[in-house]
Peer 1: 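Input: one structure, supplied below.
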Amino acid sequence: MCYQSRAMHSTVRVASLKDHVGATVTLRGWLYNKRASKKLVFLELRDGSGIVQAIASLADIGEAKFAEADHLAQETSLSVTGEVRAHPKQPGVFEIAVKTFDVIGAVAGEYPITPKDHGTDFLMDHRHLWLRSKRQNAILKVRHEIIKAIRDYFDGHDFTLVDAPIFTPNACEGTSTLFETDYHGDKAYLTQSGQLYSEAAAMSLGKVYCFGPTFRAEKSKTRRHLAEFWMVEPEVAFMDLEGDMALAEDFLVSVVGRVLDKRREELKILERDTSHLERVQGPFPRVLYEDAIGVLQRAWDARKAAGTLVTQPDGTVERRPEFGDDFGADEETVISSAYDRPVIVHRYPASLKAFYFKRDPADARLALGMDVLAPEGYGEIIGGGQREDDLATLEAGIAAHKLPREAFEWYLDLRRYGSVPHAGFGLGVERTVAWTCGLPHVRETIPFPRMLNRLGP
RNA sequence: UCCGGCUUAGCUCAGUCGGUAGAGCAGGCGGCUGUUAACCGCCGGGUCGCUGGUUCAAGUCCAGCAGCCGGAGCCA
């Protein structure tokens, strides 16, 4: 599509320059960087699709235009017209020999973000401008590709998208701290999960997913936490835990494969070692929770023998892991680092899981839950399992968790009227983007992160 | 909430033994036909987070507070 007005030349984007070699074209974008000598100015122009070097020569554009080019400030928006030609030194790279240019929007004062280093807090304060950088541009594109791959996967496997509400009348699982809002005089909470609603929808459509923002008010300050994050939650009627794990595996292989297929260039900008991603192929190892505890116990035993157990400031020594313990970030890393691809841990103690998990018929201590742990220490990116489909057991679970029964009556209706076995999971988009891009922190994976100490910009 | 670290120019940082403030980048001016976070020269730029204390003297030592970062817990 062409948005041009007066120019006689076709207006193109940087990414398509290879199709216009020898032609005179017009590009519109922002000045990313500039290098100048007495008779040449090198203007690096970015337009979202890429960055191109435009060479303004004194001999070609005249003294007045040359002086103007020489004084252009970083991030000035420009329309540049010139001839497309091959870069004399870099094969496969194209540049523009400037014939003329016009300033669209000048820069008032100094642009805060220079080509040199900045600290994270400063950059986050200028997140609205930071998004223009090469690196953030690449992350946004990978995020987009992941979201599109997620939708394409489910849409291509007969799932129906069913949006869950953001305002909820109760704390769904009764575990997390939720954001409370005033809802016309009543208390309402921002959703922490669309799962219960997905279960209702699955009883209508069979295979559904919801995809939207979720909110957690916990005062978590780690590289894996956001107050607002996006989650996709498929839910499938007549599916059991084994089917759930198979779905999660096939789905993850598909999503990672798509990024490798479509976003090589962006992963290269991010300096991601893609060999880690190439190994994301089925089957993923499946590890029983109890066996994972065994692995942690052996690691503890080895550290004890080596005398490297951690002593807390209050004098207590690191305890030997045992059945019933949940996994922290360190434990997840120990388990996942034993494998070169995502690992599925399943059949957790029921005491660690929410009320809606189905008990393992073979072992009443266990819940039919599973987590997918990403490699390289990225931790849990998927959590899910088979849901309790028996009315009486679910009622007992709600009572045992001391949850307000009346708030779940609609949910219990799903078990009263033609209950079926069903299962699903939730995938955290930002953790998946962080892992795929090899980022140290989830804060760069979302355009405008909301964290414990950040609500703006 | 708990533990640890950091806070000096617009930005990123250095600042020794306590002795009165430095560099690079950014900005301005100048130089250079092919530069790649270009380079070279010159110029302007400071409430050393805040409050208090020790001292003849505090960016530097001590205490409290604030902000930020990392981790724990909880989770995706």
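Just the heavy atoms: all of them, side chains too, but no hydrogens, waters or symmetry mates, feed the values below. Chain letters run A, B, ... following the sequence lines, proteins first and then strands; every chain starts at 1.
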Peer 1: Under 4.0 Å between a side-chain N/O of A:Asn33 and OP1 or OP2 of B:rU36, yes or no?
Peer 2: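 Checking B:rU36 against A:Asn33, no side-chain N or O comes under 4.0 Å of OP1 or OP2.
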Peer 1: Suppose we call a contact any N or O donor and acceptor under 3.5 Å apart; does that hold for the side chain of A:Ser220 and the base of B:rC74?
Peer 2: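 Present.
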Peer 1: Taking only N and O in the side chain of A:Arg443, is any of them less than 4.0 Å away from OP1 or OP2 of B:rG70?
Peer 2: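 So the side chain of A:Arg443 is within the cut-off, an N or O lying under 4.0 Å from OP1 or OP2 of B:rG70.
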Peer 1: Once ring pair (Phe, Tyr, Trp, His ring centres under 6.0 Å) is applied, do any residues pair with A:His118, and if so which ones, sequence neighbours excluded?
Peer 2: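 If we apply the ring pair (Phe, Tyr, Trp, His ring centres under 6.0 Å) test to A:His118, skipping adjacent residues, the hits are A:Phe122.
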Peer 1: For A:Ile344, check side-chain contact (heavy atoms from CB on, under 4.5 Å) against everything at least two apart and list the hits.
Peer 2: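 If we apply the side-chain contact (heavy atoms from CB on, under 4.5 Å) test to A:Ile344, skipping adjacent residues, the hits are A:Met245, A:Phe284, A:Arg286, A:Met370, A:Val372.
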Peer 1: Under 4.0 Å: is that the gap between some side-chain N or O of A:Arg224 and OP1 or OP2 of B:rA72?
Peer 2: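 True: A:Arg224 side-chain N/O within range (under 4.0 Å) of B:rA72 OP1/OP2.
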Peer 1: Taking the same atom, C1', in B:rG22 and in B:rG46, what whole-Å distance lies between them?
Peer 2: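 After rounding to an integer number of Å, I get 11 Å for this pair.
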Peer 1: Within the structure, does a side-chain N or O atom of A:Arg35 lie under 4.0 Å from either OP1 or OP2 of B:rU35?
Peer 2: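 It does not, given that no N or O in the side chain of A:Arg35 lies less than 4.0 Å from OP1 or OP2 of B:rU35.
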Peer 1: Hey, does the side-chain of A:Arg85 have a donor or acceptor N/O within less than 3.5 Å of a partner on the base of B:rG34?
Peer 2: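 Between B:rG34 and A:Arg85, which were checked side chain against base, a qualifying N/O pair under 3.5 Å is present.
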Peer 1: Taking any heavy-atom pair under 4.0 Å as a contact, classify A:Phe122: base, sugar-phosphate, or nothing.
Peer 2: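 The residue A:Phe122 makes sugar-phosphate contact but no base contact.
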Peer 1: Should B:rG46 form a Watson-Crick or G-U wobble pair with both distances under 3.5 Å, which nucleotide is its partner?
Peer 2: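 Partner of B:rG46: none.
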Peer 1: Using a heavy-atom cut-off of 4.0 Å across all strands, would you classify A:Gln74 as base, sugar-phosphate, or nothing?
Peer 2: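 Result for A:Gln74 = nothing.
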Peer 1: Is there a donor and acceptor pair closer than 3.5 Å between the side chain of A:Gln90 and the base of B:rG34?
Peer 2: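 Looking at the base of B:rG34, it does not pair with any donor or acceptor on the side chain of A:Gln90 (distance under 3.5 Å).
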Peer 1: How do A:His441 and A:His225 order along RNA chain B: which one's closest nucleotide is nearer the 5' end?
Peer 2: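 In this pair, the answer is A:His441.
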Peer 1: Pick base, sugar-phosphate or nothing for A:Glu233, based on heavy-atom distances below 4.0 Å to the nucleic acid.
Peer 2: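 The answer is nothing, as A:Glu233 stays clear of every strand by at least 4.0 Å.
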Peer 1: What string of B, S and - do you get for nucleotides 45-50 of chain B, 5' to 3', if B is base contact, S is sugar-phosphate-only contact and - is no contact with any protein heavy atom under 4.0 Å?
Peer 2: ------
